[in-house]
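Naming convention: chains lettered A, B, ... in sequence-line order (proteins, then strands); numbering from 1 in each chain. Source: prediction; values computed, not measured.
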2 protein chains.
Amino acid sequence: MARTGDDTKQRIREAGVALLSAEGLSGVSLGALAERARMSKSGLFAHYRSKDDLQIDLLLASTEISARVVVTPAMSAAPGLPRLEAIFGLWCGWSRRAGLPGGCPIAAALFELDDLPGPVRQTVVDLEARWRGLLAGFVRGAIAAGHLPEALDVDQVVWEMTGIYLAHHAAMRLVRAADADDRAQAAFSRLIASAADDQKTQKTRE
Amino acid sequence: MARTGDDTKQRIREAGVALLSAEGLSGVSLGALAERARMSKSGLFAHYRSKDDLQIDLLLASTEISARVVVTPAMSAAPGLPRLEAIFGLWCGWSRRAGLPGGCPIAAALFELDDLPGPVRQTVVDLEARWRGLLAGFVRGAIAAGHLPEALDVDQVVWEMTGIYLAHHAAMRLVRAADADDRAQAAFSRLIASAADDQKTQKTRE
DNA sequence: GGCTATTTAGCACGACCGGTCGTTTTATTT
DNA sequence: AAATAAAACGACCGGTCGTGCTAAATAGCC
């Protein structure tokens, strides 16, 4: 078996995710990626059916990495609120910790594919929904552990966590603000403190 | 006097901001914009020194619109907290209210120009800083009016408002979530409520 | 070593990119 | 009506884009 092609594909994915992180979806062109993977444009293209296919594969590869450096390590924290706090801390700036040269590829793609339709956009939407569901599970875990009130609007908390993450991304990448981590942590702490007294964020709709 | 060229430039800017809103900076190519402004590529280009120049002009045009539909109307609200609440409400989804076909051009550019350097990026950074300063002024206004505590960390509040705005943008444009406005409003209310009791968000550093 | 399947490279294509050219149209002034 | 200046035009430059088609290299198996 020992097919050589798998090694090459691995190389492509590595270089591709790095490029995706650094320059966004629009920066991932066949030529640029081929150069970085040290192979010809057509040789690279032979591994994919289309550019959409490539982009989707790179997005999936990104989530595989994030699962490895964000979700898995968070599971070693105690269930409930500690685990929720762990995953948020690991989430912010995970791309840096994963050795990527730029920011979170999915966050960038979120804004890049605003509304232009197509399979790539759908992939991003799906990945985002899945991640949102995963976060919601962590929040529910904190509720089950009695650390957060039953009546909490889980989706609202996840929604606001996403906002903090996006602000962190922007602060890090665009403004290059050194205090981004502190700001994000402060915002998250306030969110949790506010969620803890069920007065403020209790569920209003079904 | 009565120069014809100004009308044309006006048409270019209008079509350009619309295109920028719909497809982002990368969607604004000379050819595509020329087609939408119903003129030739070269005729369009004659109005600018370079593509960077064009993009910068369109970004400025966007802020002019936002100033008209966000800042100005907010000034008619009572000074202090009401005015702060007004500008936040007007901020979220302003592009839709301004008749643009897509989302906030600056927010999109924020993520599109992650880190690739150049004059366009610098423009976005500057515009963002200016907007941030403007928001900070509104927050300080609420403090001056006695609606928010003196010890409040103003920048932190602005930072979190930005997060809510970005989450709102993503929810509207990507997920097409119908409840984006409600979510944003709830998050903002919680932020203000939390800021009102100075325990949580008091200034820690200088 | 030769056979065959896979993997890579080479090459060409049409479309579009940002940008420049000389020319034609349009409007203003005399 | 003639002269002049501004504005828009169409053609075209070198490049890069995504994507096919074909040939060369490289592997595993007998």
Side-chain angles (χ1 to χ4, degrees), chain A residues 1-17 19-20 22-59 108-109 112-113 116-124, chain B residues 1-17 19-20 22-59 108-109 112-113 116-124:
Chain A
M1 231 117 302
R3 55 185 87 263
T4 321
D6 285 4
D7 295 353
T8 307
K9 186 136 188 179
Q10 183 64 22
R11 209 174 69 221
I12 294 174
R13 295 182 112 217
E14 249 171 65
V17 171
L19 188 57
L20 179 60
E23 316 213 17
L25 273 174
S26 66
V28 181
S29 71
L30 277 304
L33 181 50
E35 198 174 344
R36 251 158 254 238
R38 288 185 310 279
M39 61 188 304
S40 77
K41 208 170 71 164
S42 51
L44 184 154
F45 188 69
H47 290 264
Y48 296 96
R49 278 192 307 265
S50 69
K51 203 207 173 177
D52 282 359
D53 197 25
L54 204 194
Q55 291 184 321
I56 290 173
D57 187 52
L58 294 183
L59 287 169
E112 210 166 336
L113 299 175
L116 12 151
V120 182
R121 192 196 115 96
Q122 193 53 49
T123 301
V124 175
Chain B
M1 245 163 245
R3 56 184 87 261
T4 322
D6 285 6
D7 296 352
T8 307
K9 186 136 187 177
Q10 184 64 23
R11 209 175 69 221
I12 293 174
R13 294 181 112 216
E14 247 170 66
V17 171
L19 188 57
L20 180 59
E23 316 213 17
L25 273 173
S26 66
V28 181
S29 73
L30 295 188
L33 180 51
E35 198 174 345
R36 250 157 255 237
R38 287 183 312 278
M39 61 188 304
S40 73
K41 209 170 68 166
S42 52
L44 183 153
F45 188 70
H47 291 264
Y48 295 96
R49 278 192 306 269
S50 67
K51 203 207 172 178
D52 283 358
D53 196 26
L54 204 195
Q55 292 184 321
I56 290 173
D57 186 52
L58 293 184
L59 287 169
E112 209 166 337
L113 299 174
L116 13 150
V120 182
R121 192 196 117 95
Q122 194 54 49
T123 301
V124 175

Student: Should B:Leu20 and B:Leu59 be marked as a side-chain contact (heavy atoms from CB on, under 4.5 Å) after you check the CA-CA gap, both sets of side-chain angles, and the distance that decides it?
Tutor: CA-CA 8 Å; B:Leu20 180 59; B:Leu59 287 169; 4.1 Å; yes
Student: Give, for atom CZ of B:Arg121 and atom CG of B:Asp52, the distance between the pair rounded to the nearest 0.5 Å.
Tutor: 13.5 Å
Student: Over its full length, what angle do the end axes of the helix from C:dT8-D:dA23 to C:dT30-D:dA1 make, each axis taken from five pairs and the result rounded to 10 degrees?
Tutor: 20°
Student: Can you measure A:Met39 atom CE to C:dT8 atom P for me and round it to whole angstrom units?
Tutor: 5 Å
Student: In whole angstrom, what separates B:Lys9's NZ from D:dA8's P?
Tutor: 11 Å
Student: In whole angstrom, what separates B:Leu33's CG from C:dC16's P?
Tutor: 16 Å
Student: Once you round it to whole Å, what is the distance between C1' of C:dT20 and OH of B:Tyr48?
Tutor: 19 Å
Student: Rounded to whole Å, please give me the gap between CG in A:Asp53 and C1' in D:dT19.
Tutor: 13 Å
Student: Please report the closest heavy-atom contact between B:Val17 and B:Leu58, naming both atoms and the distance.
Tutor: CG2-O, 3.9 Å
Student: Looking at every heavy atom in both B:Leu54 and B:Tyr48, which two are closest together, and how far apart are they?
Tutor: CA-CD2, 3.7 Å
Student: Out of C:dG19, D:dG10, C:dG10, which has the shortest distance to the side chain of B:Ser40?
Tutor: D:dG10
Student: Measuring to OP1 and OP2 of D:dC17, would you say a side-chain N or O of A:Ser29 lies under 4.0 angstrom away?
Tutor: yes
Student: Let me know the distance between CG of B:Leu44 and P of C:dG18, rounded to the nearest Å.
Tutor: 11 Å
Student: So, the side chain of A:Gln55 versus the backbone of A:Val120: is there a donor-acceptor pair under 3.5 Å, distance only?
Tutor: no
Student: Picking from C:dG10, D:dG18, C:dG19, which would you name as closest to the side chain of A:Leu30?
Tutor: D:dG18
Student: Which pair of heavy atoms, one from A:Leu25 and one from A:Glu112, lies closest together, and at what distance?
Tutor: N-OE1, 3.1 Å
Student: Between D:dG10 and B:Lys41, counting only base atoms on the nucleotide and side-chain atoms on the residue, is there a donor-acceptor pair under 3.5 Å?
Tutor: no
Student: Look at the side chain of B:Lys51 against the base of C:dG19 and say whether a donor-acceptor pair falls under 3.5 Å; ignore hydrogens and angles.
Tutor: no
Student: At what distance, to the nearest 0.5 angstrom, does NE2 of A:His47 lie from CZ of A:Arg11?
Tutor: 8.5 Å
Student: Checking all strands, does A:Ala46 fall into the base, sugar-phosphate, or nothing category for heavy-atom contacts under 4.0 angstrom?
Tutor: base
Student: Heavy atoms only: give me the nearest B:Val124-B:Ala109 pair and the separation to one decimal.
Tutor: CG2-CB, 4.0 Å
Student: I want to check something: taking the side chain as every heavy atom from C-beta on, are A:Ile12 and A:Asp57 in contact at a cut-off of under 4.5 Å?
Tutor: no
Student: How many Å lie between CD on B:Glu35 and C1' on C:dA15, as a whole number?
Tutor: 13 Å
Student: Which atom pairs link the protein and nucleotides 20-24 of chain D when you take only N or O atoms and keep those under 3.5 Å?
Tutor:
none

Student: Could you tell me the separation between the CG atom of B:Asp52 and the P atom of C:dC17, rounded to a whole number of Å?
Tutor: 16 Å
